[in-house]
Every structure is written in C-alpha cells, then in structure tokens.
There are 2 protein chains.
Amino acid sequence: MGVMDRVKAPATKPRTPKATPRPASADLPLDRILQGDCVAMMRSLPAASVDMIFADPPYNLQLGGDLHRPDGSQVDAVNDEWDKFDSLATYDRFTHAWLKEAKRILKPGGSIWVIGSYHNIFRVGAALQDQGYWILNDIVWRKANPMPNFKGTRFTNAHETLIWASMGEKARYTFNYRAMKTLNDELQMRSDWLIPICGGQERLKKGGAKVHPTQKPEALLYRILLACSNPGDVILDPFFGTGTTGAVAKRLGRHFIGIEREDDYIAAALERIEMALPLDESAVKTMMAPTAATRVAFGTLVEGGLVPPGSVLTDAKRRWKAVVRVDGSLDCEGQDAGSIHKVGAGVQGAPSCNGWTFWHVDDGKQLRVIDAVRQDWLLANEA
Amino acid sequence: MGVMDRVKAPATKPRTPKATPRPASADLPLDRILQGDCVAMMRSLPAASVDMIFADPPYNLQLGGDLHRPDGSQVDAVNDEWDKFDSLATYDRFTHAWLKEAKRILKPGGSIWVIGSYHNIFRVGAALQDQGYWILNDIVWRKANPMPNFKGTRFTNAHETLIWASMGEKARYTFNYRAMKTLNDELQMRSDWLIPICGGQERLKKGGAKVHPTQKPEALLYRILLACSNPGDVILDPFFGTGTTGAVAKRLGRHFIGIEREDDYIAAALERIEMALPLDESAVKTMMAPTAATRVAFGTLVEGGLVPPGSVLTDAKRRWKAVVRVDGSLDCEGQDAGSIHKVGAGVQGAPSCNGWTFWHVDDGKQLRVIDAVRQDWLLANEA
DNA sequence: ATTATTGCTGAATCAGCTG
DNA sequence: TCAGCTGATTCAGCAATAA
C-alpha cells in the first residue's frame with residue numbers, strides 16, 4: 001500500500017501498550033487518509049502522539065433560500081448534508097466531541113488551529129476554553145477577493161477567523177518567531193493576514209465544478225505550518241476535505257494524518273498530494289532563532305582578547321561605565337559585580353536587560369555595541 | 001438639571017403603563033448618564049425603547065505579571081477591578097444577565113454591537129446566539145498601530161472583534177448601505193476596518209495619565225452609528241466609560257443613554273460630551289484615512305507560490321545566485337542567510353540594498369525583477 | 001542563570017531654508 | 001536679522017491572557 005493510500009482504520013483503539021514505551025509515531029498512519037467519522041477515527045489514534053492539529057470543521061452556515069447575483073446568475077453556495085445540524089446544541093455536542101479527542105491525541109507541547117466564520121467560531125472558541133485549551137491568538141484571514149454582498153444588506157463578509165490554542169495555560173508550544181518575522185519582511189507577523197481565496201490553478205475542479213465548496217488556500221496552511229510546527233512533525237487534520245493540509249505538509253517536510261468521510265474528497269486529495277513536490281532540504285531551512293545561531297559567551301570574547309580584561313564598557317548614552325574583569329564579569333560602581341545582563345539590569349533598575357545590546361566599547365572615536373564584537377568573533381570562527 | 005447631568009436612576013422599574021401607549025422615549029433619560037450597576041440600571045429602562053446598543057463590556061483579560069519592553073520600560077496594562085472575574089462561569093453569568101436585559105430594552109427592529117478580544121468574544125458570541133439574537137456580521141477592527149509582542153512569543157495581537165446582531169433571524173434592522181459605500185470610496189464596506197487606536201488629542205488624560213485604560217476611538221463609533229442608526233435614534237451604551245458613544249451620538253444627531261459605575265469616568269464623559277460639536281466634518285476625514293495598505297512582504301510571494309521556496313534568484317548581471325527558503329529568507333554562498341535586502345547588501349559589500357530591484361527570477365528565457373512579481377500580486381489581490 | 005524581545009502614530013523639537 | 005515654514009529626528013504611548 002502506497003504512502004498516499006487511504007486507510008480504513010479499525011473502530012477499536014490500538015493504543016500504545018503501556019509496558020512498551022515505543023515512540024508513539026510508530027503506531028501512526030503517517031501521510032495517510034483515514035476514511036470515516038472524524039471522532040471515531042480520532043479514537044483510533046494513540047494519545048499524545050501528534051504535534052499540531054489543523055481543523056476546518058463544518059460551519060453550520062444555516063443558509064436560507066437560493067441567492068442570486070444582480071445579473072440573475074445563482075450563487076453556488078454551500079449546501080451539503082455535512083454542514084447541516086439540527087440546533088446549536090447539536091453543533092455544540094459535535095464540537096465538544098471532536099475537541100475532546102483532539103486534546104487526547106495532541107502532545108503536551110502541541111497546539112491546535114481551528115478555522116471558522118461567525119456562524120460557528122464563537123461556539124468553537126467557547127468550547128476550546130471550556131475544555132481547558134489556552135487561546136494564544138485569534139487570527140483574521142482577510143480575503144483579498146471576497147464575494148460581495150449582492151443584496152446590500154450587510155457588510156461584505158470579507159474574512160474568516162482562526163483560533164490558535166495550546167494545551168493549557170502553562171503548556172509549552174511551538175512558535176517559530178524568526179521564521180514569521182522573516183516571512184513578513186522583518187516586521188513581526190500580525191494577527192491579520194491578507195491572503196487570496198483559493199482559485200485559479202490551485203482550485204480543484206471536476207467537470208468544471210468545484211470538487212469541494214470551501215477549499216482553503218495553500219498559502220494559509222503554509223503560514224500556519226511554518227509558524228507552529230517543525231520539519232518531521234506530525235500534523236493531524238480531522239476534516240481533511242481535498243487535502244490542503246496534506247499537500248502543504250508534504251511540501252514543507254511535515255507528516256500529515258487526514259480524516260475524511262467522503263469518497264470524492266479523498267480521491268481528489270490523494271491525487272493532489274501525490275503531485276505535490278516536497279521542497280529540498282535547503283529550501284525548507286528557516287532563519288534560526290538568534291539564540292541557536294549566535295550563542296557565544298561574553299567570556300569567550302574576553303578570553304580571545306576582543307574585549308580584554310580592564311576594558312571599560314558604557315551604555316549608548318555614556319550614563320554608566322563598567323570595567324571588564326578577567327572572568328567576563330563586569331564591575332560597576334554602586335553595583336554588585338556580575339554578568340553583562342545582570343549589571344545592565346542593575347544600573348537601570350530594570351528587571352532584566354540584554355547586555356549584548358546595552359553595553360558598548362569605546363574605541364576613542366565612537367561607541368560599538370558588544371553584540372557587533374560578537375558577530376566579528378562568529379565570522380572569524382565559524383565561517 | 002442639564003441635559004448632560006448624571007442621573008441616579010431608581011432601582012424600581014418605571015415601565016410605560018400599558019393602558020397609555022405613549023412613545024417609549026417619553027420615559028427615557030435621553031442624553032444622560034445613569035450611575036450604577038449596568039444590569040440594575042438597564043432594568044430601570046422600559047421595554048422595546050432603544051434603537052441600538054453599543055456595548056464594550058470588560059474583556060476578562062486574566063493578565064499575569066508585569067510586562068516590560070525590550071528597553072526595560074513597563075507596559076501600562078489594564079489592571080482594574082472591573083475587569084476581574086472569578087471564572088469563565090462567572091463571566092458567562094454576567095454576560096447572559098446584561099444581554100438578556102439588552103434584548104428586553106431593544107426595539108424589535110433594533111440591533112446590538114458588542115466589542116471584545118479573543119479573551120471574551122467567544123463567550124459573548126455564543127451567549128448572543130443562545131439568547132436568540134441573530135448575528136449579522138462579525139467585524140474586525142484592525143489596529144493601525146497595535147502594541148507589538150515584545151517577547152516574541154505569539155503573533156502581534158493587532159485587532160479586536162465586534163459582533164453585530166439583530167433581535168432574531170427574521171427581525172428587521174437598520175443598515176445604511178449607501179452611507180457605508182460612500183464612506184468607503186464607492187466600494188462596499190467590508191468586515192475588516194483599519195482604524196488607529198485612540199491617542200493624541202482624542203485620548204482623555206488627567207495629570208498625564210490615561211483616564212480610562214481602554215478608551216475607544218471615535219472613528220469606530222462613528223462608523224457603527226452611521227451604519228446602523230438614524231438621526232434622532234436612541235443609542236444605549238451600558239458600559240459607557242468615558243463616553244465615546246455619547247460624544248459621537250451627539251455629533252451625529254443621535255440620542256444616547258449611558259450607564260457607568262465609576263465617578264471618574266462619568267466626570268470625564270460629561271465634560272467631553274459637553275464640548276463635542278454636532279456634525280464636525282473633521283470626523284469624516286478621520287474615517288477616510290487610508291483603508292488599504294499596499295505593503296507586500298517578500299514572504300507573501302513565497303507563500304503564494306509566485307516565487308516558490310527553492311527558486312534561484314540572481315542579480316541583473318547574474319553575478320550572484322541565491323536560493324529562496326521557505327520563510328522568504330535567501331541562502332547565498334559565502335553569506336549569512338537573511339532577507340532579500342540584507343543578502344543583496346552582503347554580496348555587494350554595500351551598506352544597504354533594495355532587494356526588490358536587485359534580485360531577479362530566471363524564467364529560462366529572461367530575467368524578471370522580483371518587484372515586477374510583487375506588482376503582479378498587488379494587481380491580482382488589491383485592485 | 002541566561003538572554004531575547006517592539007511597530008506605528010502623533011506631538012515635540014530642531015536644523016535649515018525662505019521671504 | 002528674524003519670523004515662519006518644512007522636513008528630519010526624537011520621543012512617548014498604546015485592551016497583553018508575554019521565555
């Protein structure tokens with residue numbers, strides 16, 4: 001059976017035996033689509049085994065009659081059985097059921113993304129909070145090209161909302177801050193994202209008709225997976241549809257597990273993911289966090305003679321001076337001696353301080369921040 | 001007693017006698033601030049008597065310790081007793097209580113606006129639906145100048161959410177479609193609004209300190225009142241604060257009723273509303289502030305597949321080559337990876353470089369500068 | 001313990017230019 | 001020479017669930 005084949009998973013729970021602590025991923029149907037009900041299929045997956053979940057559940061749109069454009073043509077709206085629920089209570093039960101399984105399956109340091117519109121997102125958000133998830137951000141997907149409000153009765157519904165949540169208030173989670181900042185031209189990535197709706201070549205069609213009414217753009221998943229997962233991570237999508245999550249996961253070197261009921265969607269997803277080309281390793285590399293890339297102790301610079309013992313450091317406005325001691329600690333009048341960070345915090349009366357950007361050496365003409373000296377050392381010793 | 005004086009409303013209900021169907025507005029404390037608890041004061045108002053409600057309830061932020069900026073200064077955060085709730089359940093009870101009174105007070109053709117953040121908006125939205133309100137739109141207030149995420153732990157929280165709802169699925173409501181379209185340069189008003197946070201002259205201060213920690217910009221209320229009420233209508237604001245709703249209502253020729261507990265807020269609101277001039281044209285100008293920023297990050301083109309990861313960029317004379325990575329950074333032999341600008345500067349040994357005009361993609365036949373690719377994206381997505 | 005971490009707006013200030 | 005203007009620069013401030 002090929003990597004992309006669908007899998008009819010057993011309804012029973014093949015949990016990892018407690019006595020044999022193998023990696024949970026050994027039990028996982030990686031890079032496959034499980035066909036069936038989303039809650040039942042999730043029950044078949046082991047606890048604490050996936051790194052991230054992306055979920056695009058039914059929106060419970062509750063649309064009325066047909067909608068026509070001013071030119072008389074009919075809008076091709078969502079009108080599928082899977083989007084119909086009897087009542088808000090039914091929808092809430094459904095939401096709580098799958099969110100509960102999701103929480104079981106996620107690793108303690110994992111996180112979940114859910115997308116929705118005003119029809120369902122408030123139910124979803126409240127359910128997430130009720131189940132102890134900790135909301136980290138709500139993200140607004142601003143559609144560059146939304147459908148207009150033909151009747152002129154409301155504001156053009158030009159966005160959808162995503163919720164990103166961790167396993168709990170104190171839980172760890174993955175956030176690739178540098179990658180997001182790099183992706184956004186060296187500005188922090190904000191909570192409002194402008195991304196076109198899925199169309200053109202990317203939109204899957206069969207006989208001229210949309211295969212799926214609400215296919216999500218790959219750019220959206222690209223940003224999410226890049227921000228909140230790492231290469232090799234396992235991403236679960238319990239409402240797989242035509243497999244946007246799978247296609248992007250493959251491109252970015254992540255594993256996926258999809259769950260989907262409908263034959264047509266699965267067939268389209270399999271074909272699509274088969275054609276997706278994984279990026280080669282160098283392209284998948286992202287900007288490292290400065291921590292990982294440039295960890296050099298200040299003492300190394302002292303040892304190496306770049307900042308000799310006895311040098312005088314000062315802040316950018318020459319308000320304070322400190323003397324470098326042989327062990328790389330600083331001696332500053334009226335302060336306990338200590339690290340560049342501690343003494344920097346001390347003189348400012350601040351709770352903390354990044355000594356690398358606070359302290360400067362004076363070469364007689366101008367000040368030079370010691371972080372620049374650190375870069376010199378790195379260039380000379382790593383490149 | 002002047003129009004702007006505060007009123008200590010009775011706790012009992014001076015309802016309109018059924019036998020004498022006078023206009024409900026005869027019983028209303030128009031253009032006044034009722035001091036007291038919001039639910040108790042709402043109980044004092046007659047049923048089906050107001051045309052619109054704008055509510056800015058406590059967000060239940062649940063902040064932890066102090067937050068400091070990278071420069072060591074402390075963030076002046078919301079830390080007021082009125083924003084503290086024991087639990088989600090307590091907050092839900094509070095929300096249901098005031099929404100229930102709101103529904104009693106609203107006319108059948110009235111509508112309600114509630115603003116919140118991800119901390120509380122999902123509770124509010126679910127409660128609105130549970131009480132039979134019908135959500136018409138969710139609106140995203142995109143802040144032009146949000147506070148950055150200083151710790152680099154999440155996406156910059158750059159928006160708040162508003163919910164607009166009518167009295168029920170079949171209820172009528174006011175929506176001034178033409179006014180909104182005119183306000184938006186003859187384009188339908190979308191559900192995402194770019195408006196600066198409240199600052200400058202508009203921000204009420206006392207002794208250099210903010211009077212209210214979360215004063216809303218008048219531009220926001222201006223758009224809401226213009227869209228969903230008519231001149232002479234009665235607008236209720238059960239969390240009046242420093243009276244943004246009252247000031248804008250006066251300017252636009254609407255009546256307001258404010259409810260507020262705190263003496264300081266009421267005093268500031270009274271003074272402010274006294275000074276507000278009806279129909280100040282400058283307000284309209286504020287609204288016409290640019291609604292679409294056209295900045296496009298290189299990462300957007302990478303995400304969107306216009307310049308896929310792994311693509312090779314080169315300068316106009318093909319002297320240097322660089323590989324595009326998933327996060328939009330460039331990898332170039334002998335250089336530190338970084339942004340298109342930084343790597344462009346690096347290879348040339350220049351202090352700076354405009355990467356948009358320096359780097360080109362090679363389509364096999366000819367080179368195409370990436371700035372042209374950016375123009376393509378803009379044309380396809382903004383025009 | 002270590003060390004990484006901020007963007008946009010508007011007011012105020014100031015240098016430089018003009019009439 | 002100076003008042004007045006312009007543009008560059010600086011600086012304070014903002015609903016935050018903040019390693």
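Not measured: the values here are computed from a predicted model. So you know, we letter chains A, B, ... as the sequences are listed, proteins then strands, and number each from 1.
In this structure, the side chains of Gln129(A) and Ile135(A) come closer than 4.5 Å at one or more pairs of heavy atoms.
Taking the C1' atoms as reference points, dC11(D) lies 14 Å from dT6(C), given to the whole Å. Distance noted for atom C1' between dT1(D) and dG16(C): 15 Å (whole Å).
At least one side-chain nitrogen or oxygen of Tyr177(A) sits closer than 4.0 Å to the OP1 or OP2 atom of dT6(C). Taking only side-chain nitrogens and oxygens, His341(A) comes nearer than 4.0 Å to OP1 or OP2 of dT3(C).
Residue pairs meeting the salt bridge (Lys or Arg N to Asp or Glu O under 4.0 Å) criterion with at least one partner in residues 57-76 of chain B, sequence neighbours excluded, are Asp76(B)-Lys210(B).
Both tests hold for Arg223(B) against Trp193(B): distance to the six-membered ring centre under 6.0 Å, angle to the ring axis within 45°. Under a cutoff of 6.0 Å and an axis angle of 45°, Arg374(A) and Trp356(A) form a cation-pi pair. Judged by the 6.0 Å and 45° rule, Lys143(B) forms a cation-pi pair with Trp141(B).
In this structure, Arg374(A) atom CZ and dT2(C) atom P are separated by 14 Å, rounded to whole Å. The CD-C1' distance, from Glu186(A) to dC8(C), rounds to 17 Å in whole Å. Between the CG atom of Asp336(A) and the P atom of dA1(C) there is a distance of 12 Å, rounded to whole Å. For the pair Met189(A) CE and dA18(D) P, the interatomic distance rounds to 21 Å; values are reported in whole Å. In this entry the distance linking CZ of Phe175(A) with C1' of dA19(D) reads 13 Å, nearest Å. Computed from coordinates, the Arg154(B) CZ to dA4(C) P distance equals 21 Å when rounded to whole Å. In this structure, CH2 of Trp359(A) is placed 17 Å from P of dA4(C), rounded to the nearest angstrom. In this structure, Arg69(B) atom CZ and dA19(D) atom P are separated by 16 Å, rounded to whole Å.
Among the protein residues, Trp134(A) comes within range of the nucleic acid bases, having at least one heavy atom under 4.0 Å from a base atom. Residue Gly355(A) is classed as having no contact, given no heavy-atom separation below 4.0 Å to the nucleic acid. Using a 4.0 Å heavy-atom cutoff across all strands shown, Leu63(B) reaches at least one base atom of the nucleic acid. Within 4.0 Å of Pro57(B), counting heavy atoms only, lies at least one base atom of the nucleic acid. Using a 4.0 Å heavy-atom cutoff across all strands shown, Asp56(B) reaches at least one base atom of the nucleic acid. Within 4.0 Å (heavy atoms only), Thr214(B) reaches at least one base atom of the nucleic acid. Among the protein residues, Ala144(B) comes within range of the sugar-phosphate backbone only, with heavy atoms under 4.0 Å from sugar or phosphate atoms but none that close to a base. Residue Ile340(A) is out of contact with every strand shown, counting any heavy-atom pair closer than 4.0 Å. Within the 4.0 angstrom heavy-atom criterion, no nucleotide atom of any strand lies near Ser73(B). Among the heavy atoms of the strands lying under 4.0 Å from Glu160(B) is at least one base atom, whether or not backbone atoms are also near.
In terms of position on DNA chain C, the residue among Lys342(A) and Ile197(B) whose nearest nucleotide sits closer to the 5' end is Lys342(A). Where His68(B) and Ser339(A) meet DNA chain C, the nucleotide closest to each residue was compared, and Ser339(A) sits on the side nearer the 5' end. Each of Lys205(B) and Gln62(B) was assigned the nucleotide of DNA chain D with the nearest heavy atom; the assignment lying further toward the 5' end belongs to Lys205(B).
Residue ring and base: Phe150(B) does not count as stacked with dA18(D) (centre distance below 5.5 Å and interplanar angle below 30° not both satisfied).
Using a cut-off of 4.0 Å between Lys/Arg side-chain N and Asp/Glu carboxylate O, Asp331(A) and Lys321(A) are scored as not salt-bridged. No salt bridge links Arg261(B) with Glu81(B); every basic N to acidic carboxylate O contact stays at or beyond 4.0 Å.
Distance from the side chain of Lys143(B) is smallest to dA15(D) among dA16(D), dT6(C), dA15(D). Of the candidate nucleotides dA16(D), dA15(D), dA4(C), dA15(D) has the atom lying nearest to any side-chain atom of Arg203(B). Candidate nucleotides dA15(D), dG7(C), dA18(D) were compared by shortest atom distance to the side chain of Lys181(A), and dG7(C) ranks first. Listed nucleotides: dA16(D), dT3(C), dT6(C). Nearest to the side chain of Ala77(B): dA16(D). For Asn157(B), whose side chain is taken as the heavy atoms from C-beta onward, the closest listed nucleotide among dC8(C), dT6(C), dA16(D) is dA16(D). For Asn149(B), counting side-chain heavy atoms from C-beta on, the closest listed nucleotide (dT5(C), dC14(D), dA18(D)) is dA18(D). The side chain of Asn145(B) lies closest to dC8(C) when the candidates are dC8(C), dA19(D), dT3(C). Looking at the side chain of Lys151(B), the nearest of the listed nucleotides dA4(C), dT2(C), dA15(D) is dA4(C).
A 6.0 Å sphere centred on NZ of Lys100(A) holds no more than 12 heavy atoms belonging to other residues, nucleotides or ligands.
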### Message
Under the criterion side chain to side chain contact (heavy atoms under 4.5 Å, CB included), I'd like the reasoning laid out for Ile370(A) against Thr357(A): C-alpha separation, chi angles, the key distance, then a yes or no.
### Response
CA-CA 7 Å; Ile370(A) 59 175; Thr357(A) 55; over 6 Å; no
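Between Phe240(B) and Phe256(B), a ring centre-to-centre spacing shorter than 6.0 Å is recorded.
Applying the 3.5 Å distance criterion, the base of dA15(D) shares no donor-acceptor pair with the side chain of Lys210(B).
With the 3.5 Å cutoff on both pairing distances, Watson-Crick and G-U pairs in DNA chain D assemble into runs of at least 3 at C:7-19 with D:2-14.
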